Amino acid sequence: MIKDEIARMVEEAATRAQEAGELPAIALPEIVIERPQRSEHGDYATSLPLRLARAAQANPLDLGQALVRRLPPSDAVERVEVLPPGFVNFHLSESWLARQVDAVLEAGAAFAQAPVGQGQKVQVEFVSANPTGPLHAGNGRWAALGSTLARVLQAAGYRVETEYYFNDAGSQVDVFARTLYARYQQLFGREAPVPEDGYVGSYMVDLAEQARERFGEAMLRPQGEPAPEELGRFGMEQVMDWIRRDLTDLGVHFDHWYREQTVYDAGHFDKVMALLREKGLIVEREGAVWFATSQLGADKDEVVVRSSNLPTYLATDIGYHYDKFFVRDFHRVIDIWGADHQGHVRPLQLAAEAMGIQPERLNIIIGQLVTLRRGEEVLKISKRSGDIITLREVMDEVGRDACLFFFLSRSADAAIDFDLELAKRQSAENPVYYVQYAHARIAGILNHAGESALGGGDVAGGDTSLLTHPAELALIRKMLLLPELVETIARTLEPHHLPYYAQDLATAFHDFYEKCRVVDDDSPELSRARLKLVAAAQSVLATTLGLMGMSTPDRM
RNA sequence: GUCCCCGUAGCUCAGUGGACAGAGCGGCUGCCUUCUAAGCAGCGGGCCGCAGGUUCGAAUCCUGCCGGGGACGCCA
């Protein structure tokens, strides 16, 4: 990446200036190359002189000049200038920029790649909603975020695996089974109230009806007897089918589906309990077993085994993370959780540390919640409290691509207030179509060229040195940003920049389109060069949309 | 009470140490005989919640306060 090359040049210049005595032999700060907001400040800039001025006891402008004198030559950089209060600005060579079109075309989707991960094994775990009800809109947010993050990390050179963790054991499973059995019995006229803490959503009635179709009355037990296990299993499998179908239709794929029960079957639970006990972090009190997080700086301990002898969710999760780090050997693990799980972050991090995992290897992204509304009416989202707006309904109303784009556009730190009425009304003028339209327009141009005197899609023949128009260069500059963006997202784990970049890129194309005629029989050489440019732009647009899991229509 | 997130244009949100603060939507005005007008150009719109502090430089970092959301369970 050109940005890295400039950073190397600056570092070399600084070192040489020190050797020449023009810069005191002080420790250099990290070389930061930034992108100026204003185009007259060049393509890249560094404020290194400002940062050095105090320690060097020198005028930043003089330091800048000394730096510039020692800069090694580069055919990518045409002009370097020092501007007050102490910035060094780099202007890229226009002929170098034009040549990058060839490089972009040749690289294809690989153009987005950034050398960050170096083949490290990383896991992204997300959604992981329990199969006790259909996915709701909030789950869709994590699906969009997690799958996009996984694709970006892949492009950044990590070996990525995605995972969905689901409970097929534990108390919620039991509540689910009892609720289903109550609804099932009601279908046969029995007095069977839904449990106090049960799932009151109407989908449980639908499930009960499916169970009746499947089993007839064979699942009925004598009054007062508990729900048959088979009925609960049946219900959960149905729900898992819904979940899998919804995710597939959203375009979200998981490499692994991990059952909670595995943590016990494989012995991970016993293993971590023994591990923590060895470290003196397990205490027994009030009939329960506690993880002594207070010894690690927390303000209270956490129960890991209830007095009923059942392990808690936290205990299972610790075992699950033992599996991630020590059995499956992920170098890095990323968990995406909703803000309602934030209290769970610290205990799990403490457990991971106690197991010897360096904190930076476990990234827990806490995403703020989604509030759904229809105009003024706030809709319930909790599975336990009532009927929910499912992800399926949102996808049907708003459209898959618009849904993904909307969820991705917000930082995970920002709560989303999703107004279905507004989303539906705005879906036709959603920015996602603006981006896709750019892609489709290019497809139209390429088609048109094929039918013109220029002949078929022979894009390879163009001479990119003919690309000199400001709109052409602006488009190329925007294209070159993608690998840098991939690098940034891989570092910050914040994919919400992607939709904004996609819009900027589309704007650069639409602007070019207005100003530069591509297919023009009177100037075939320029036409061929521009065909090459739009083909490259289409490739970058498609790659960007692809990272977000969205479709790339050729026609709209 | 403690902890986490947020507060930026009429609305929804980017920008988290740099050089005159941005986008989309909404409002107003223009532009289709020419590769898709789901497009383009222009106009209007901001004590960046408030008060201190750190810094050559703060929307961005620190402290306090105000407002909104979330968590504090032997639920997950």
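Sequence lines set the chain letters: A, B, ... in the order given, protein chains first and strands last, and positions in each chain run from 1. Note that the structure is a prediction, hence the values are computed from the model and not measured. Values reported hereafter were calculated over all heavy atoms of this structure, with side chains retained and with hydrogens, waters and symmetry mates removed.
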Would you check if A/His344 stacks with the base of B/A76, given a 5.5 Å centroid limit and a 30° plane limit, both strict? no

Using the [atom1] atom in both, what is the distance from [N] to [M], to the nearest Å?
| N | M | atom1 | value |
| --- | --- | --- | --- |
| B/G70 | B/G17 | P | 29 Å |
| B/U60 | B/A9 | P | 15 Å |
| B/U54 | B/G7 | C1' | 23 Å |
| B/A41 | B/A23 | P | 11 Å |

Which label fits B/C4, syn or anti, where anti is any glycosidic angle not within 90° of 0? anti

I'd like to know if the side chain of A/His469 pairs up with that of A/Arg530 as donor and acceptor (distance under 3.5 Å, no hydrogens or angles considered). no

With a 4.0 Å limit, can you tell me whether [X] has a side-chain N or O closer than that to the phosphate oxygens OP1/OP2 of [N]?
| X | N | value |
| --- | --- | --- |
| A/Ser171 | B/A76 | yes |
| A/Arg441 | B/A37 | yes |
| A/Tyr501 | B/A14 | no |
| A/Gln37 | B/A19 | yes |

Checking B/A23, B/A14, B/A19 against the side chain of A/His497 (C-beta onward), the nearest is B/A14

From B/U2, B/C40, B/A76, pick the nucleotide closest to the side chain of A/His341? B/A76

Tell me if the CZ atom of A/Arg285 is crowded by more than 12 foreign heavy atoms within 6.0 Å. yes

Take atom CD of A/Glu30 as the centre, draw a 6.0 Å sphere, and report whether it contains more than 12 heavy atoms from other residues, nucleotides or ligands. no

Give one of base, sugar-phosphate or nothing for A/Ala339, where a contact means two heavy atoms less than 4.0 Å apart. sugar-phosphate

